[in-house]
Amino acid sequence: MNNFSYTRAHSLDEAIQTIGNNTKFIAGGTNLLDLMKYNIEKAGLLVDINPIDSLRKIELLPGGGIRIGALVTNAATAYHPLVEERYPLLSKAILAGASAQIRNMATNGGNLLQRTRCYYFYDPDTPCNKREPGSGCSAIGGYNRIMAVLGASLSCIAVFPSDMCVALAALDAVVNVSAPDGDRCLAFADFHRLPGDTPHIDNNLRPGEIITSIDIPEKGFPKNYSYLKIRDRNSYAFALVSVATGFELESGIIREARIALGGVAHMPWRVLEAEDFLKGKPATDMYFSEAADIILRGAAGFEHNNFKIKLARRAIIRNCTMALHPETQLPGAQPSA
Amino acid sequence: MPSPVSVPDTSGNVFKPEKINFLVNGQQHSMDLLPWVSLLDALREYIGLTGTKKGCDHGQCGACTVLCDGDRILSCLTLAVMKDGSEITTIEGIAEQGQLHPLQKAFIDHDAFQCGYCTPGQICSAIGMMKEGKARTRTEVKELMSGNLCRCGVNTHIIDAIMDVQNQNGHE
């Protein structure tokens, strides 16, 4: 870890004014400090935003949705009565990620900003376009079991590791950000980005912007939802494939469907065409598998991760079935039903 | 205790220690620490409480788990300076008046350690989990203890020990 200076910001204005070149905000620090210990992230000054209490609340929005503050921890969000009751999909996804200790530390804003867990990104002795633009991608042609099968580019095949963000994508969340020149809102689908030829840029935040909160619209699918996470061990591992599903059903007919995938691309993966396809259809395996085919159209592996395509297809179908019986769900987003 | 000094870097910047106050296991500690000192290193190297273990130092093993204002956190991924004013409890602080904490006793009764390196983190984590109150069944306990790895293979005994204490509490 490089030596750095440290300061606290006590208000949003102070935070925005303090941020500059070679400066980073720190909140939970669970990903930033880990990467700084590897010298992958570096900063001359860390600005601790924890004193900004206005970012640490969960509140109802006038339109019926909720606003979750950027500084609320993942654990406090997942166990908040409003989230448990109205957005159990979000709660479930958060609790499938990391460990209890990390969820007690990590914040909602930081969850959106975590970096990939690609092993080459973490290994400074190998080329990586995300870590060192222009150096090449070691995962293409390397060992690429955990890498992307959708939306990858010749520059980068890394995946975005968050579970929480898969649920936020399915729930049509909106990210509120502040900057010296004003505030703006980004639709969740516009927040993260595909790698293209600039994989070192994970998202569409502009320099100097800070996430203040995340809004979730009223529709939370509390009756029919499921989050399924497939990984190399039962718990405390990043997803090989994960699926968030929310249904609105009427007498077994799908009125509205949301399906988002994690672990397969540089951002949570959602295909609106598949959700439209399911509208008005009976909630059966046959239609779930057709929707899965639409979602996975164009999927391509890079040798060791070819299995992910078939796995994702089966996970989508399985999770859609699980969403019909949320009462059978197991802790840790394990397969059920 | 290493003496705190200002550290210059190659560009001529000087990094100054910050004054930090903690309540650790009920005892007030005041010290000057450079900003990059982790809570784990502060506890072990500056306060001399070596019960909290450095396993991976990257948030993967849970050996460094301590309680901060009652919540279980990883001290290796925490900057000490960010916990100024907090109340920290480590494995050294959980026995009361010479009596082992019920979890400590249960770990002995259930043979829940071999090398013992992960044990302080396991026990602090279990105390934090019980305070959270979200684990009722054995499956839930296993899931919510998954941030603490044991490589000796006594994991089932660890869960047995925790379930034992949970059940005792439930019958009180």
Side-chain angles (χ1 to χ4, degrees), chain A residues 1-8 22 26-38 40 42-51 73 75-76 78-79 84 91 95-106 110 117 122 229 231 233-238 329-334 336, chain B residues 7-11 13-18 33-39 56-62 64-84 121 124-126 128-129 132-149:
Chain A
M1 184 154 21
N2 69 279
N3 293 350
F4 55 84
S5 301
Y6 169 86
T7 189
R8 293 184 186 95
N22 200 22
I26 184 164
T30 54
N31 192 207
L32 179 62
L33 293 176
D34 181 31
L35 289 165
M36 285 181 77
K37 288 183 183 193
Y38 287 114
I40 293 166
K42 296 183 184 81
L45 171 69
L46 287 187
V47 182
D48 183 354
I49 57 172
N50 283 293
T73 63
Y79 293 133
E84 283 187 326
S91 185
L95 295 176
S99 67
Q101 291 96 316
I102 291 177
R103 295 193 293 267
N104 278 343
M105 306 163 70
R117 297 284 165 164
Y122 262 80
K229 183 173 181 183
R231 52 207 137 161
R233 57 185 186 202
N234 269 338
S235 182
Y236 198 22
F238 290 95
Q329 286 175 22
L330 300 169
Q334 303 285 343
S336 70
Chain B
V7 177
D9 74 359
T10 48
S11 329
N13 297 317
V14 177
F15 300 95
K16 292 192 184 121
E18 300 262 338
L33 293 178
L34 286 155
W36 51 86
V37 175
S38 67
L39 177 60
C56 66
D57 207 26
H58 283 281
Q60 297 179 8
C61 73
C64 70
T65 303
V66 297
L67 299 163
C68 177
D69 299 324
D71 292 330
R72 46 178 169 164
I73 64 162
L74 300 177
S75 60
C76 77
L77 291 183
T78 301
L79 296 177
V81 63
M82 290 174 72
K83 294 301 173 193
D84 181 35
C124 286
S125 187
M129 183 190 68
E132 289 158 14
K134 300 293 178 183
R136 290 162 292 266
T137 65
R138 189 180 175 92
T139 314
E140 286 168 340
V141 168
K142 280 170 80 176
E143 171 61 27
L144 290 172
M145 284 298 295
S146 69
N148 293 81
L149 306 188

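Each chain gets a letter, A, B and so on, in the order its sequence line appears, and its residues count up from 1.
- To the nearest 0.5 Å, the span separating CD on Glu132(B) from CZ on Arg103(A) amounts to 8.0 Å.
- In terms of the side chain to side chain donor-acceptor pair (under 3.5 Å) criterion, residue partners of Lys37(A) (sequence neighbours excluded) are, by chain and number, Asp57(B).
- The line from CG of Leu45(A) to CZ of Phe15(B) is 9.5 Å long, rounded to the nearest 0.5 Å.
- When heavy atoms are compared at a cutoff of 4.5 Å, Leu95(A) approaches chain B solely by way of its backbone atoms N, CA, C and O.
- Interface check for chain A: of the options Glu18(B), Met82(B), Glu140(B), the most heavy-atom pairs under 4.5 Å are formed by Met82(B).
- Taking the six-membered ring where tryptophan is involved, the planes of Tyr38(A) and His58(B) are essentially parallel, since the angle between them stays under 30° and well short of 60°.
- Every residue was checked against the salt bridge (Lys or Arg N to Asp or Glu O under 4.0 Å) condition with Arg231(A), not counting sequence neighbours, and none meets it.
- At a 4.5 Å heavy-atom cutoff, the contact between Asp48(A) and chain B is made by side-chain atoms alone.
- Considering CG of Leu74(B) and OG1 of Thr30(A), their distance stands at 8.5 Å, rounded to 0.5 Å.
- Only the backbone of Ala27(A) comes within less than 4.5 Å of a heavy atom in chain B; its side chain stays farther off.
- Looking only at heavy-atom pairs under 4.5 Å with chain B, the residue among Asn104(A), Leu46(A), Asn50(A) that has the most is Asn104(A).
- Side-chain atoms of Asn148(B) and Gln101(A) include a donor-acceptor pair closer than 3.5 Å.
- The line from CG of Asp34(A) to SG of Cys76(B) is 8.0 Å long, rounded to the nearest 0.5 Å.
- For the set Val81(B), Thr65(B), Thr137(B), the entry with the most heavy-atom pairs within less than 4.5 Å of chain A is Val81(B).
- Proximity to chain A is absent for every atom of Lys142(B), based on heavy atoms less than 4.5 angstrom apart.
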